[in-house]
Structures are given as structure tokens and as C-alpha cells.
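Per chain, numbering begins at 1; letters A, B, ... match sequence-line order. Remember, predicted model here, so these are calculated numbers, not experimental data.
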There are 2 protein chains.
Amino acid sequence: MAKHPSLAAVVQRLEDRGLRVTAPRLSVLAAAAAGAEDQFSAEDIESRLPQVGRATIFRTLKLLVEMDVFCRVLLDDGNLRYRWSRRGHHHHLICDSCGAIEDFTGCDVTTLMQDLARRTGFTARGHWLEVYGRCAACHSRAAVSQ
Amino acid sequence: MAKHPSLAAVVQRLEDRGLRVTAPRLSVLAAAAAGAEDQFSAEDIESRLPQVGRATIFRTLKLLVEMDVFCRVLLDDGNLRYRWSRRGHHHHLICDSCGAIEDFTGCDVTTLMQDLARRTGFTARGHWLEVYGRCAACHSRAAVSQ
DNA sequence: CTCTTATTGACACATAGTCCCATTTCCACA
DNA sequence: TGTGGAAATGGGACTATGTGTCAATAAGAG
């Protein structure tokens, strides 16, 4: 699966919303695709685009997160990263050891929420879940080196 | 149940860790207990303690979070709050409408994690979960006003 | 080609911290 | 009781991640 959706698709979605497809917006998308990692910080984008105003970069990041082109990932140390969104409801598995981020869907938190409503009367509208641990690759790597 | 544990218990835990029980640390605890709400921001503490250095306030907050005296709560808007921890693994139910925060334990995310490990090979070490929605009190309030 | 509106860039300001370093405070031990 | 070392503090600079304002610019519609 591609790291990120085609530019054309994003452009289409901008147009559908009646938003303009401008050079700075395309630059941010390009800069986000440029990194070696599939995740990036606001600062990464800033440093790759010295010619684009800082405010514009943040505005664009915010817009693209709203449009579900990017998603935010909360790292264990409290830092925030951006990432191409796989679109729709999903969560992240963040590897402590290599830092890789995987998505996961099939989130049964819904069941949990229903349970919760029964027990406490609290109705969940949404939730934020990040999982920290060790990915399969780092497991085998550890197994080999020992 | 009390909003927060006795000061003596916290003092004890500081001593157990070989840390000093200093005036600034006690001030932060007092300031945290002073607010009307059971939650507070770093800024709340700062403004209640103009005589204590900012660096000290942040150091102390961090220390008390590590000691599980306070916990951090991630609000829906991305802002962070501090809160007396009920100690041990728990999550938060944050009411959109009145802003109240309830704790909940009996978190069956564990089951989810085991499932995850089977499916993806990812072993979870920990997770962060915040739930947003509407509390029981706000439900009944809404029912009455309609 | 021009009008309108979206968008941008610059800059100031805000929040939530961290880092460094000189000074102070505390505690233990002589 | 005095003192030396370690822990803790306060001040200030610095960082990261934003937001708000406002005048200038650019895009698309007609």
C-alpha cells in the first residue's frame, strides 16, 4: 500500500470543499511526502519550506488534518507528529524501539463504550487511543541478537 | 471519596524516594488542591504561586505526575490538564457539555491488546485512552430542558 | 479585465515546557 | 555546632507549537 494517497485525490477533495489549490498548499503536501519517515513534525515541514510563511504551514496542516488527509499522533513523550491518514477511524501502534507507527482499525473500543454507558450513564461521542509497545520487526530483531 | 489523597501520604512517598519535602513542592500541592475544579492547568498553578519559579512549578508537576500523584488529561481541543490521580491504571471520561472529568477503571483495553498481538505481532506495553462524550448529569439536564 | 473573496506572509503574542547556571537550602556527619 | 556536598530553586534564555491581526496578493467568476 502506498504511503500516501495520490495528490490528485487530495486536490479533488480541496475543490469539492470549494477551497483553492494553491502553491503553498501543494508545497506542504510535497514536503510531507518528501520525508524518509511516514511521520513528520510541523518543524520538519517548516524547515523544508523556508519560502512558505509559518502561519500558512500551520493553517495548512490544520486544514489537512480536518480533511483527514493527515492525522495527528501523540508520542509517548507527549510530542505530537503528523502522519498521512489512512482515512476513517483508526488508531496507532507506536514502536518504542524503532519509532515506527502502524495503523490499526477494527477497533473494538465501541464495545467498551457501550459497556461504559450501561455502567456509568456516560455516552461516548468519540475517543482518542494510542498504543505503545514493540512492533513485530523489533521483536524478531531482539530474538536474533540474543 | 476525597478529591485528593492526604498530604501526609504524598509527603511519605516523597521521603520514600529520598526526595526532599520542600516549601515549593508543598505550595504546588496546596495550589492544586485550592482550585474549585478537580482539574487544573500549569498556568493555574503558576498564577496561584507568583513567588515560586516557573521552572520549579513545571519540575514539580512533572515529578508528581511521575509519582502518580497527578495525572495528565488530554482535552478534546488538544489542551492538557492536570488532575489528582486516582492512582493506578485508569482513563478519563470528559464531558463535552459541562467539562467534568470522571475516571474509569475496569479498562478492558487489555483484551483488545491481546487480540492485537495475535493479529499484528505488536506487543503493547501501554496505551493512552481518553473518552469524550456526555456525562449522566448533563443527559438528565438536557432531558429536563426539552 | 475586473471584482470579490480566499489566501498568504509578516509579525506579535500565547502556551507549555526545557535547559543552564549561579545561588540557596537541607541534611548528615564530624 | 559547624561545615561540606547534594538536592533543589529561581531567573532567564531558548524551543516547539500554535493563534490572531492585518495589509498585500492571487485566483476564479463573470
- prompt: Over how many whole Å does the gap from A:L19 atom CG to D:dA29 atom P extend?
  reply: 13 Å
statement: note: B:L75, atom CG; D:dG18, atom C1'; distance rounded to Å ~ 16 Å
field: Phosphate OP1/OP2 of C:dG17 contacted by A:N79 side-chain N/O (<4.0 Å)
entry: no
task: Measure from CD on A:E15 to C1' on C:dT7 and round the result to the nearest Å.
output: 16 Å
message: Quick check on C:dG17: is either OP1 or OP2 less than 4.0 Å from any side-chain nitrogen or oxygen of B:Y82?
response: yes
task: Check whether any side-chain nitrogen or oxygen of B:T22 sits under 4.0 Å from OP1 or OP2 of C:dC26, and answer yes or no.
output: no
- request: Examine C:dA16: is either OP1 or OP2 under 4.0 Å from a nitrogen or oxygen in the side chain of B:K62? Give yes or no.
  value: no
message: On the side chain of A:R20, is there an atom forming a donor-acceptor pair with the base of C:dT5 - under 3.5 Å, no angle test?
response: yes
message: If you only use heavy atoms from C-beta on, which nucleotide in D:dT19, C:dA16, D:dA8 is closest to the side chain of B:F58?
response: C:dA16
query: Does A:A42 offer a backbone N or O that forms a donor-acceptor pair with the side chain of A:R81 under 3.5 Å?
result: no
query: Taking atom C1' of C:dT15 as reference, at what distance in whole Å does atom CG of B:D44 sit?
result: 13 Å
field: Listed nucleotide nearest any side-chain atom of B:R72, set C:dG9, D:dT9, C:dG17
entry: C:dG17
message: Students often get this wrong, so: under 4.0 angstrom with heavy atoms, is B:R81 touching a base, only sugar-phosphate, or nothing?
response: nothing
field: Between C:dT15 (C1') and A:L80 (CG): distance, integer Å
entry: 15 Å
task: For B:R59, answer base if it contacts any base atom (sugar-phosphate contacts may also be present), sugar-phosphate if it contacts only those atoms, and nothing otherwise; contact means non-hydrogen atoms under 4.0 Å.
output: base
query: Please give, in whole Å, the distance from D:dT19 C1' to A:E66 CD?
result: 14 Å
- prompt: Under the salt bridge (charged side-chain N to carboxylate O under 4.0 Å, His left out) criterion, do B:R13 and B:D68 qualify, and how do the steps go?
  reply: CA-CA 10 Å; B:R13 274 191 279 150; B:D68 197 16; over 6 Å; no
Donor-acceptor contact below 3.5 Å, side chain B:E130 vs main chain B:L74: yes
statement: To the nearest angstrom, the CD1-C1' distance between A:I57 and D:dA16 comes to 14 Å
query: So, is A:R25 close to the D:dA27 phosphate, meaning a side-chain N or O under 4.0 Å from OP1 or OP2?
result: no
task: For the side chain of A:E43, starting at C-beta, report the closest nucleotide among C:dA10, D:dG10, D:dA16.
output: D:dA16
- request: Using modelled atom types only, decide if a donor and an acceptor are shared between the side chain of B:T60 and the backbone of B:T56 within a distance under 3.5 Å.
  value: yes
- prompt: Distance-only, no hydrogens or angles: does the A:R72 side chain make a donor-acceptor pair with backbone N or O of B:G78 under 3.5 Å?
  reply: no
- prompt: Rounded to the nearest Å, what distance is computed from the CG atom of residue A:L63 to the C1' atom of nucleotide D:dT19?
  reply: 16 Å
message: Counting only side-chain heavy atoms from C-beta out, which of D:dA8, D:dA26, C:dA16 sits nearest to B:R54?
response: C:dA16
